[in-house]
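The structure under discussion appears below in the form of structure tokens.
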Protein chains: 2
Amino acid sequence: MKTYLEHARVFKALGDPKRAMIVDMLSCGELCACRILERFNISQSTLSHHMKLLCECGLVKERYVGKWTYYSLDSETIKELKAFFHAITSEKEACISMVCDKGGRK
Amino acid sequence: MKTYLEHARVFKALGDPKRAMIVDMLSCGELCACRILERFNISQSTLSHHMKLLCECGLVKERYVGKWTYYSLDSETIKELKAFFHAITSEKEACISMVCDKGGRK
DNA sequence: ACCTCACATCTAAGTTTTTCGATATGATAC
DNA sequence: GTATCATATCGAAAAACTTAGATGTGAGGT
């Protein structure tokens with residue numbers, strides 16, 4: 001079971017529109033950095049940095065073939081994030097009702 | 001249909017572990033700021049700032065009752081974010097296969 | 001009216017993120 | 001080996017984020 005911090009890191013990675021778009025692109029299948037770079041108005045070093053972030057949070061996997069680095073989505077992390085998001089946003093039964101000013105003020 | 005930017009904003013809001021925890025707390029039902037503040041080691045102004053972010057991205061709704069501000073999750077935004085996340089992470093059929101070095105180098 | 005409570009806003013410091021250009025690395029081509 | 005290509009890393013500047021203390025605001029209590 002991952003911590004809030006670990007899951008939040010994935011959310012943070014998706015919090016950049018360009019990275020969200022990269023994830024979208026990768027959902028079509030594995031891509032090398034060069035193909036991703038073609039679609040964006042960013043420098044190569046910036047893309048490399050974004051890819052590093054996406055990999056470090058577990059959302060993306062990398063694979064080295066010759067000169068190229070191929071990136072693809074990590075379905076396990078995606079599944080976990082979906083589960084986490086569902087867990088923190090769906091109504092829970094076991095919760096204590098926490099009414100403000102409970103107990104009154106004397 | 002919302003833009004990448006708008007959805008990314010929600011992800012960014014969830015990218016802070018404390019805000020993710022606040023969302024988790026709110027999934028148990030509406031809470032006033034005072035009750036949320038009790039659970040965290042942060043100043044009142046900091047919490048107020050986080051709540052503003054959560055409201056601005058649409059994830060949380062606010063309601064004013066007397067001295068108190070009550071916060072609750074906005075299920076519509078949650079639904080939309082789930083749909084967006086699913087859309088950008090599930091395999092698509094209509095994608096063009098983009099193989100690196102396509103066309104060769106002569 | 002005056003005080004207090006709950007919360008928002010302002011200001012400012014410290015930290016992190018984003019981005020690029022320059023440089024490094026490692027693989028393939030010649 | 002040398003050149004080139006794809007990508008990573010370094011270094012630095014600018015922008016954005018996080019946080020707390022001080023102050024403002026508006027509702028209620030006395």
Side-chain angles (χ1 to χ4, degrees), chain A residues 4-5 8-22 25-26 30-57 59-72 98-106, chain B residues 4-5 8-22 25-26 30-57 59-72 98-106:
Chain A
Y4 275 92
L5 192 67
R9 206 175 176 192
V10 189
F11 280 128
K12 189 184 278 183
L14 289 165
D16 181 289
K18 277 163 193 161
R19 287 195 295 263
M21 273 192 226
I22 291 170
M25 285 181 70
L26 292 178
E30 198 180 47
L31 287 175
C32 68
C34 53
R35 285 282 173 265
I36 301 170
L37 189 57
E38 286 173 354
R39 309 277 166 131
F40 291 96
N41 252 351
I42 56 173
S43 71
Q44 178 267 321
S45 62
T46 299
L47 177 66
S48 192
H49 172 247
H50 283 312
M51 298 316 297
K52 193 179 178 187
L53 276 184
L54 286 168
C55 289
E56 280 175 353
C57 76
L59 206 49
V60 167
K61 289 180 290 190
E62 56 196 346
R63 185 169 72 92
Y64 307 104
V65 179
K67 295 188 286 189
W68 298 282
T69 306
Y70 285 88
Y71 297 100
S72 58
M98 289 180 279
V99 180
C100 287
D101 209 31
K102 199 176 182 178
R105 67 188 56 205
K106 208 316 232 37
Chain B
Y4 276 92
L5 192 67
R9 204 174 178 193
V10 188
F11 280 129
K12 188 182 278 183
L14 288 166
D16 181 288
K18 276 164 193 162
R19 286 194 295 261
M21 273 192 225
I22 291 169
M25 284 181 70
L26 292 178
E30 197 180 49
L31 287 174
C32 67
C34 53
R35 284 283 174 266
I36 301 170
L37 190 57
E38 285 173 354
R39 308 277 166 130
F40 292 95
N41 252 350
I42 57 175
S43 71
Q44 179 267 318
S45 63
T46 299
L47 176 65
S48 192
H49 173 248
H50 283 313
M51 297 318 296
K52 193 180 178 185
L53 277 184
L54 286 168
C55 289
E56 280 175 352
C57 77
L59 206 50
V60 168
K61 290 179 292 191
E62 55 195 347
R63 185 169 72 93
Y64 308 104
V65 179
K67 294 189 286 188
W68 298 283
T69 306
Y70 284 89
Y71 297 101
S72 58
M98 291 178 278
V99 179
C100 287
D101 210 29
K102 199 177 184 178
R105 70 190 56 207
K106 198 337 221 29

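Letters go in sequence order (proteins before strands), and every chain restarts at 1.
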Suppose we screen for side chain to side chain contact (heavy atoms under 4.5 Å, CB included). Which residues come up paired with A:Lys18, at least two apart in sequence or across chains?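 A:Lys18: side chain to side chain contact (heavy atoms under 4.5 Å, CB included) contacts with A:Asp16, A:Phe40, A:Ile42.
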Compare the minimum distances between each of D:dT19, C:dT19, C:dC5 and the side chain of B:Lys67, then state the nucleotide with the smallest one.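 Side chain of B:Lys67 sits closest to C:dC5.
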Selection from C:dC20, C:dC7, D:dA6 that lies nearest to any side-chain heavy atom of B:Trp68: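 The nucleotide sitting nearest to the side chain is C:dC7.
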Show the distances under 3.5 angstrom between N or O atoms of the protein and N or O atoms of nucleotides 8-11 of chain D.
residue	atom	partner	partner atom	Å
D:dA8	OP1	A:Tyr71	OH	2.7
D:dA8	OP2	A:Ser48	OG	2.8
D:dA8	OP2	A:Tyr71	OH	3.2
D:dA8	N7	A:Gln44	NE2	2.8
D:dA8	N6	A:Gln44	OE1	3.0

Residue pair A:Ser48 / A:Gln44, side-chain heavy-atom distance below 4.5 Å: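 Answer yes - side chains close enough.
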Heavy-atom side-chain proximity of B:Met51 to B:Glu62 below 4.5 angstrom: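 No. Closest side-chain heavy atoms not under 4.5 Å.
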For C:dT19 and A:Lys18 - does any side-chain N or O of the residue sit under 4.0 Å from the phosphate oxygens OP1/OP2?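 Yes, such a contact exists.
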Report yes if a side-chain nitrogen or oxygen of B:His50 is closer than 4.0 Å to either non-bridging phosphate oxygen (OP1 or OP2) of D:dC17; otherwise report no.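 No.
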Give the rounded distance in Å between these two atoms: [atom1] of [X] and [atom2] of [N].
| X | N | atom1 | atom2 | value |
| --- | --- | --- | --- | --- |
| B:Tyr70 | D:dA27 | OH | C1' | 13 Å |
| A:Ile42 | D:dA14 | CD1 | P | 21 Å |
| B:Glu38 | C:dC5 | CD | C1' | 14 Å |
| B:Leu53 | D:dT19 | CG | P | 11 Å |
| A:Arg63 | C:dG26 | CZ | P | 20 Å |
| B:Arg35 | C:dC7 | CZ | P | 10 Å |
| B:Lys12 | C:dT16 | NZ | C1' | 12 Å |
| B:Arg19 | D:dC17 | CZ | C1' | 8 Å |

Could you grab the distance from atom SG of A:Cys34 to atom NZ of A:Lys67, nearest 0.5 Å is fine?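 Going from SG on A:Cys34 over to NZ on A:Lys67, the span is 10.0 Å.
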Between atom NE2 of B:His49 and atom OG of B:Ser43, what is the distance when rounded to the nearest 0.5 Å?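 Taking NE2 in B:His49 and OG in B:Ser43, the distance rounds to 11.0 Å.
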Compare every heavy atom of A:Ala20 with every heavy atom of A:Leu14, then report the nearest pair and how far apart it is.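 A:Leu14 and A:Ala20 have their closest heavy atoms at O-CB, 3.9 Å.
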Within the 4.0 Å heavy-atom criterion, would you say A:Ile36 contacts the bases, only the backbone, or no part of the nucleic acid?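 No contact at all - A:Ile36 keeps every heavy atom at 4.0 Å or more from the nucleic acid.
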Please check: side-chain N/O of B:Arg9 versus main-chain N/O of B:Cys57, any donor-acceptor pairing under 3.5 Å?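 Not a single qualifying donor-acceptor pair exists.
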